[in-house]
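In what follows, a single structure is set out as structure tokens and then discussed.
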There are 2 protein chains.
Amino acid sequence: MSTERVIHLASQVRERANALIVAELERRGAAGLAPSHGAILVQLYRQGPLPMNRLASLIGRKKNTLTSLIAKLEALGYVARQPDPKDSRVSLIAPTDQARRFRRDFEEISRLLLDKAWGAMPPDQREALVRGLEQVANNLG
Amino acid sequence: MSTERVIHLASQVRERANALIVAELERRGAAGLAPSHGAILVQLYRQGPLPMNRLASLIGRKKNTLTSLIAKLEALGYVARQPDPKDSRVSLIAPTDQARRFRRDFEEISRLLLDKAWGAMPPDQREALVRGLEQVANNLG
DNA sequence: TTGGTTTGGTTCGATGTCGAACCGTAAGGC
DNA sequence: GCCTTACGGTTCGACATCGAACCAAACCAA
């Protein structure tokens, strides 16, 4: 029964994908960034300035984790905090020009990752795999 | 195209599986153990005393990580080190009686995890999913 | 035999992540 | 208008994990 390997395989896929992301980031001059930092920037590209709380749920991390992730992005000059005029508790996280300069790279990395992951697998098998994974993820939820 | 979600889904499966393992370990009185600790004990159950190097490759972690994982297991009384008569560099890691007392729990957790993950998915779909994941993992390797 | 290389393990520092406790501000009930 | 509750963020301590540097024992070649 090879079905015992699901969890291990899922972990392996995640780890290798992360390794590829980190390597590509470094290769393109964005050294020191982890996949979570990339995920944050992608959200900021798509949606503009966002409160940390929203970012946390978007990338699936806890809010205190976001505090340190954002601190690093800020220190490296990728994001800036601006106050929310509507709610003085929230600080809106906005991408800087430097972050915008990397936008294309992030999009390319995303495409490259998917291309490499899927390889020559036909579309119907891809869909089936995603559906199956969704099922397993739901079952574990 | 929902196929963009593969990586995220794989991560989710891994995280939820890990959460379930940790919760079950705690529920059964083995609090403070992470999935990696469980993976080590499972290997020791199956194969008896093993050098750290071998354990590292078996559970897919680096050797310096093993050092700290074993240190914890040793501090909690689950494993003991014994010298290897054939090679004085290696210290063989052996499960203690306390570890053996948890063996059934680990096996139950393993079964429970798989049962919950697969749910009602029919066997052929399970096989297809594993095959697909293997393909993706290989593509990323 | 001896000196260089390989190999098993540890140490050190860094990092992403979390839970728990905490602080200030907003919102809602009375 | 107060007081309680909810909520956004930070701080603190803990932990698994890694890379790099290191040590000591084993292996090997000349």
Side-chain angles (χ1 to χ4, degrees), chain A residues 11-12 14-23 25-26 30-41 49-76 78-93, chain B residues 11-12 14-23 25-26 30-41 49-76 78-93:
Chain A
S11 299
Q12 208 167 45
R14 169 192 169 270
E15 279 173 27
R16 294 184 177 183
N18 280 355
L20 189 148
I21 291 171
V22 170
L25 283 172
E26 178 160 9
L33 293 195
S36 287
H37 298 117
I40 290 172
L41 291 178
L50 290 171
M52 313 205 26
N53 216 9
R54 181 111 182 78
L55 275 174
S57 70
L58 280 172
I59 75 167
R61 298 284 168 263
K62 302 299 173 189
K63 55 181 182 172
N64 49 0
T65 300
L66 258 285
T67 296
S68 72
L69 291 174
I70 294 297
K72 178 163 197 174
L73 282 175
E74 194 180 16
L76 293 177
Y78 290 99
V79 304
R81 299 162 188 266
Q82 33 185 252
D84 183 343
K86 299 291 174 197
D87 187 337
S88 71
R89 291 172 303 177
V90 337
S91 57
L92 292 172
I93 311 302
Chain B
S11 300
Q12 207 167 46
R14 169 190 169 272
E15 279 173 25
R16 293 185 180 182
N18 280 356
L20 189 148
I21 291 172
V22 170
L25 284 173
E26 178 161 8
L33 293 195
S36 288
H37 297 117
I40 290 173
L41 292 179
L50 290 173
M52 312 203 32
N53 217 7
R54 181 113 184 78
L55 276 173
S57 69
L58 281 171
I59 74 167
R61 297 284 168 264
K62 301 300 172 190
K63 55 182 182 171
N64 49 0
T65 300
L66 258 285
T67 296
S68 74
L69 290 173
I70 294 297
K72 179 163 194 175
L73 283 175
E74 194 180 15
L76 293 178
Y78 289 100
V79 304
R81 299 163 188 266
Q82 33 184 252
D84 182 343
K86 298 292 172 196
D87 188 335
S88 71
R89 290 173 304 178
V90 336
S91 58
L92 292 172
I93 311 303

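Numbers restart at 1 for each chain; the letters A, B, ... are given by sequence-line order, proteins then strands. Both backbone and side-chain heavy atoms feed into the values below; hydrogens, waters and symmetry mates do not.
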Closest heavy-atom pair and its distance - Arg81(A), Ile93(A): CG-CD1, 4.0 Å
Using heavy-atom distances to pick each residue's nearest nucleotide on DNA chain C, tell me which of Gly60(A) and Pro51(B) is more 5'. Pro51(B)
Comparing nearest nucleotides in DNA chain D, the 5'-proximal residue of the pair Lys63(B), Ser68(B) is Ser68(B)
Closest to the Asp87(B) side chain, choosing from dT10(C), dT17(D), dA25(D): dA25(D)
Using a heavy-atom cut-off of under 4.0 Å over every strand shown, decide if Ser91(B) touches base, sugar-phosphate, or nothing. sugar-phosphate
Does dA24(D) have OP1 or OP2 sitting under 4.0 Å from an N or O in the side chain of Ser88(B)? no
Where Gly32(B) and Lys72(B) come nearest, the two heavy atoms and their spacing: O-NZ, 2.9 Å
Sugar-phosphate, base or nothing in reach of Arg81(A), heavy atoms under 4.0 Å: sugar-phosphate
Nearest heavy atoms of Ser36(A) and Ile59(A), plus distance in Å: O-CD1, 4.1 Å
Please report the shortest heavy-atom distance between Pro49(A) and Leu92(A), naming the atom on each side. CB-CB, 4.3 Å
Rounded to the nearest Å, what distance is computed from the NE2 atom of residue His37(B) to the P atom of nucleotide dC15(D)? 10 Å
What's the NZ-P distance between Lys62(B) and dG13(C), to the nearest Å? 22 Å
Calculate the interatomic distance between Arg61(B) atom CZ and dG9(C) atom P; express it in whole Å. 18 Å
Check every strand shown and say whether Asn64(B) touches a base, only sugar-phosphate, or nothing at a heavy-atom separation below 4.0 Å. base
Which nucleotide, dG8(C), dG16(C), dG8(D), lies nearest any side-chain atom of Arg89(A)? dG8(D)
I need the CD-P distance between Glu26(B) and dC15(D), as an integer number of Å. 13 Å
Taking NZ from Lys86(A) and P from dG8(D), how many angstroms apart are they, rounded to a whole number? 17 Å
Take atom CD of Glu15(A) and atom C1' of dG16(C), then tell me their distance rounded to the nearest Å. 14 Å
Would you indicate which nucleotide in dT11(D), dA6(D), dG9(C) comes nearest to any side-chain atom of Thr67(A)? dT11(D)
For a quick check of understanding: with a heavy-atom distance under 4.0 Å over all strands, which category does Leu66(B) fall into, base, sugar-phosphate or nothing? nothing
Value in whole Å for how far the P atom of dG8(D) lies from CG of Leu55(A): 13 Å
Residues Ile40(A), Tyr78(A); criterion side chain to side chain contact (heavy atoms under 4.5 Å, CB included); working and verdict: CA-CA 10 Å; Ile40(A) 290 172; Tyr78(A) 290 99; over 6 Å; no
Whole angstrom value for the distance that separates P of dC18(C) from CD1 of Ile59(A): 9 Å
Compare side-chain N and O positions of Lys72(B) against OP1 and OP2 of dA16(D) and report whether any pair is under 4.0 Å apart. yes
Out of dC18(C), dT17(D), dA26(C), which has the shortest distance to the side chain of Thr65(A)? dC18(C)
